[in-house]
2 protein chains.
Amino acid sequence: MLQTTKKMIKMSPLARQSLGNQVADVLRAQVLLGELKPGDVIPERETSAALGVSRTPLREALLILEAEGLVEMLPAKSPVVANPSLLELTQMLLVQASLEALAGEIACVEATQSEIEAIEDIHNKMVATAHDADPIAFFEIDMSFHEAVVAASKNDVLIKTHNQFHVRLWRARFLTAGKVASRETSVGDHASIVEGLRRRDKEKVSSSMRDHLRKVIDNVTAMYAHQET
Amino acid sequence: MLQTTKKMIKMSPLARQSLGNQVADVLRAQVLLGELKPGDVIPERETSAALGVSRTPLREALLILEAEGLVEMLPAKSPVVANPSLLELTQMLLVQASLEALAGEIACVEATQSEIEAIEDIHNKMVATAHDADPIAFFEIDMSFHEAVVAASKNDVLIKTHNQFHVRLWRARFLTAGKVASRETSVGDHASIVEGLRRRDKEKVSSSMRDHLRKVIDNVTAMYAHQET
DNA sequence: TATATGTTTTTGGTATACCATATTTTTAAT
DNA sequence: ATTAAAAATATGGTATACCAAAAACATATA
């Protein structure tokens, strides 16, 4: 339940956000956590009842998630959690690679020294976790590394655009990152990105980023070929 | 009025789309045509009444346009047509430059010969129109050139993402493209892009694209500095 | 006259009732 | 028993009624 009482909790004016946005946050989290899997349907009445809201804000949330590419709404069909094809995943990763390469280049100019150090810290944490068992922890550190680099560009438009693909790619990347074998390669790739940032070498960072994402594409492709969906 | 009669016109199942989407199309067109200018408010009741629909589909349209970045919705405020700052425009153009550079690179590999010829045709039409009076016609040809290059990449994700920035940047680019002086430079830039595509030279196309967009950024910056908003 | 306060109005946010259509189930006929 | 038609049902799409909060306005007071 999001709101069982009529009276809302007193919030500061800036923090106030519509129920629709709150519902969107809940559903988005469920998709990322795998509680809602690709292909799952989201019937309006049932879902809104389960969340304790009416259909109106639920529909608002669905529209938001549709715009983000996480949900597909077809006429006269229940909304469905997006289930991107390998082709679509590849296309997204190509775009994402360009965005991260751009972010890396800008970061070489715009990032403060402490921001670069923070990125190094994340990288070091990732190195330390590389031989641990927990795949989720490793994956989240991996993702936060990419987020940190993009954030260092300080380009809000770029950050937001990147984040949208980030979310849409989350599940596929999580599934492929599970392969322990790929951890070593990822760590190596990140190391060269970090080195490029430290030297503020735009070309190195840019190409390292692209190379890294190219490997991710290969991993995703391999997984799809293997499970033959 | 979108729908004055209860009964809808019989449509093929695939063509059917919700009223909300139709309204979004109408409002989007109004923004592009300048009938709705940045900063204009879009009160829900008034606007829905004017369009002959209820508030529900109008809100749906507003949510779509908000996701596209064309409209801003703040709590307890009437929705407002987005009025991007110079900083935001610059950030968008930087991202757009990367997207178009990527599209150009892919197009060098993926575009058919006839697609490249079609791009050449657009370019030739632009050359022919360069000394005409009508700024709108020239601008639309200019934009269709960029669209054609991106379309030639055949990467749907890229095409869609590019299109969103395309729409958000439309007005600013239109205003700056008005300067007749910049036509010559634009035509020259396009010429080198076309040449790169013909030779299927990824590096040339990519760098030409970036250079071209960099000039656009300069033009936009100059205009903002001039009118001192 | 200026300011503070209380009231009215306007606005977006939410819930709900209704509608049209697509789907499923039932029933009847061959 | 199979199939076709018809009725029932479930689903998303739309309109509307209602609510709370914010803004605008008016009024009274210093």
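Residue numbers start from 1 in every chain, and the chains themselves are labelled A, B, ... in the order their sequence lines are given, proteins ahead of strands.
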Do Thr56(A) and dT16(C) have a side chain to base donor-acceptor pair shorter than 3.5 Å?
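Looking at the base of dT16(C), it does pair with a donor or acceptor on the side chain of Thr56(A) (distance under 3.5 Å).
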Where does the angle between the aromatic ring planes of [X] and [Y] fall among parallel (under 30°), tilted (30 to 60°) and perpendicular (over 60°)?
{"X": "His166(B)", "Y": "Trp170(B)", "value": "perpendicular"}
{"X": "Phe174(B)", "Y": "Phe139(B)", "value": "perpendicular"}
{"X": "Phe145(A)", "Y": "His190(A)", "value": "parallel"}

Heavy-atom side-chain contact between Arg171(B) and Val31(B) under 4.5 Å:
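Side chain of Arg171(B) against side chain of Val31(B), heavy atoms only: no contact under 4.5 Å found.
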OP1, OP2 of dA15(C) versus side-chain N and O of Ser54(A): anything below 4.0 Å?
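True: Ser54(A) side-chain N/O within range (under 4.0 Å) of dA15(C) OP1/OP2.
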Value in whole Å for how far the [atom2] atom of [N] lies from [atom1] of [X]:
{"X": "Gln17(A)", "N": "dG12(C)", "atom1": "CD", "atom2": "C1'", "answer": "15 Å"}
{"X": "Asn21(A)", "N": "dT14(C)", "atom1": "CG", "atom2": "C1'", "answer": "14 Å"}
{"X": "Leu58(B)", "N": "dT11(C)", "atom1": "CG", "atom2": "P", "answer": "13 Å"}

Ion pair check, Lys77(A) and Glu72(A), cut-off under 4.0 Å
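Between Glu72(A) and Lys77(A) there is no salt bridge, as every charged N stays at least 4.0 Å from the carboxylate O atoms.
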Report each atom pair, protein N/O against N/O of nucleotides 6-12 of chain D, whose distance is under 3.5 angstrom.
| from | atom 1 | to | atom 2 | distance (Å) |
| --- | --- | --- | --- | --- |
| dT11(D) | O3' | Ser78(A) | OG | 3.0 |
| dG12(D) | OP1 | Ser78(A) | OG | 2.4 |
| dG12(D) | OP2 | Glu44(A) | N | 3.2 |
| dG12(D) | N7 | Arg45(A) | NH2 | 2.7 |
| dG12(D) | O6 | Arg45(A) | NH2 | 2.7 |

Nearest 0.5 angstrom please: Leu94(A) CG to Leu158(B) CG, how far?
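One finds 8.5 Å between CG of Leu94(A) and CG of Leu158(B).
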